[in-house]
Amino acid sequence: MAVKSAKVRAHSATAASCTVTNDRDKVIEAVFSPKADGFTPLEIQAAALAACIAASIRIAARAMDVGQLGEIDVEVEAIKAEGEPSRLGRFEASVTFSDPLDTDVQDRLIHAAEDICTISNTLRAGDTVVAGRRA
């Protein structure tokens, strides 16, 4: 069954961090300094993209009948845009395969993964953010 939405809650008791919890009661600590112990919101967004691309490569490999893949490493750098408003302007993702795949196959898998990945599709689309008070 495909996931139709994701819902998380962030609770901030201090200016230094907040606790983010999902509907399955799994928790991550979001911090507001790269020197603090935890993930910054920028790192969380980059992590979501990296995980989505890794999973999407495996989906693409199944669809393309490439066979069982070994380890995949995806590194994402989230780069802030110049000027206002404060935002991320570019995501650079690089993929490393442990398997000795032909470079053409690797490129096809990565390209297909970009089209499959919900996070990369959302970032390219510039989806709407609606913030408001909860009653």
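When a residue number appears, it is its place in the shown sequence, counting from 1. Worth saying up front: this structure is predicted, and the values here are computed from it rather than measured.
The residue from E77, R124, Q45 that alone fulfils the side chain to side chain contact (heavy atoms under 4.5 Å, CB included) condition with F91 is Q45. Considering T96, D99, I57, I53 in turn, I57 is the only one that fulfils the side chain to side chain contact (heavy atoms under 4.5 Å, CB included) rule with I72.
Counting heavy atoms from C-beta on, the side chains of R9 and D23 come closer than 4.5 Å. In this structure, the side chains of L69 and R58 come closer than 4.5 Å at one or more pairs of heavy atoms. Side-chain contact between T21 and V8 is absent, with no heavy-atom pair separated by less than 4.5 Å. By the 4.5 Å heavy-atom criterion applied to side chains, V66 and L101 are counted as neighbours. Between S94 and E75 the shortest side-chain heavy-atom distance falls below 4.5 Å. Two residues are said to be in side-chain contact when any heavy atoms from C-beta on lie closer than 4.5 Å; V76 and E92 fail this criterion. Proximity of I119 to C117: side-chain heavy atoms (C-beta onward) are separated by under 4.5 Å at one or more points. The shortest distance between side-chain heavy atoms of L109 and Q106 does not fall below 4.5 Å.
In terms of hydrophobic clustering, with Ile, Leu, Val, Met, Phe, Trp and Tyr side chains grouped at heavy-atom distances under 4.5 Å, I79 and V74 are assigned to different clusters. Under the 4.5 Å side-chain heavy-atom criterion for Ile, Leu, Val, Met, Phe, Trp and Tyr, V105 and M64 are members of the same hydrophobic cluster. F39 is connected to I28 through a chain of hydrophobic side-chain contacts under 4.5 Å among Ile, Leu, Val, Met, Phe, Trp and Tyr, so both are in one cluster.
At least one donor-acceptor pair under 3.5 Å links the side chain of E43 to the backbone N or O of T40. A side-chain donor-acceptor contact under 3.5 Å links S98 to the backbone of E71.
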Under the side chain to side chain contact (heavy atoms under 4.5 Å, CB included) rule, what do V27 and V20 come out as? Steps first, then yes or no, please. CA-CA 6 Å; V27 176; V20 181; over 6 Å; no
Stepwise side chain to side chain contact (heavy atoms under 4.5 Å, CB included) test for L49 and L123: CA-CA 9 Å; L49 179 59; L123 291 169; 4.1 Å; yes
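A donor-acceptor contact closer than 3.5 angstrom links the side chains of E29 and S17. Side chain to side chain, S86 and K80 meet the donor-acceptor criterion of an N or O pair below 3.5 Å.
Taking a 6.0 Å sphere around CG of D37, one finds it holds 12 or fewer heavy atoms contributed by other residues, nucleotides or ligands. Enclosure of atom CZ in F97 by more than 12 non-hydrogen atoms of other residues, nucleotides or ligands within 6.0 angstrom is indicated.
Rounded to the nearest 0.5 Å, atoms NZ (K7) and CZ (R24) are 13.0 Å apart. In this structure, T103 OG1 and I110 CD1 are separated by 10.0 Å, a value rounded to the nearest 0.5 Å. Put simply, SG on C52 and CD1 on I59 are 8.0 Å apart, with the number rounded to the nearest 0.5 Å.
The heavy-atom pair separating F32 from P41 by the smallest distance is CE2-CG, 4.0 Å.
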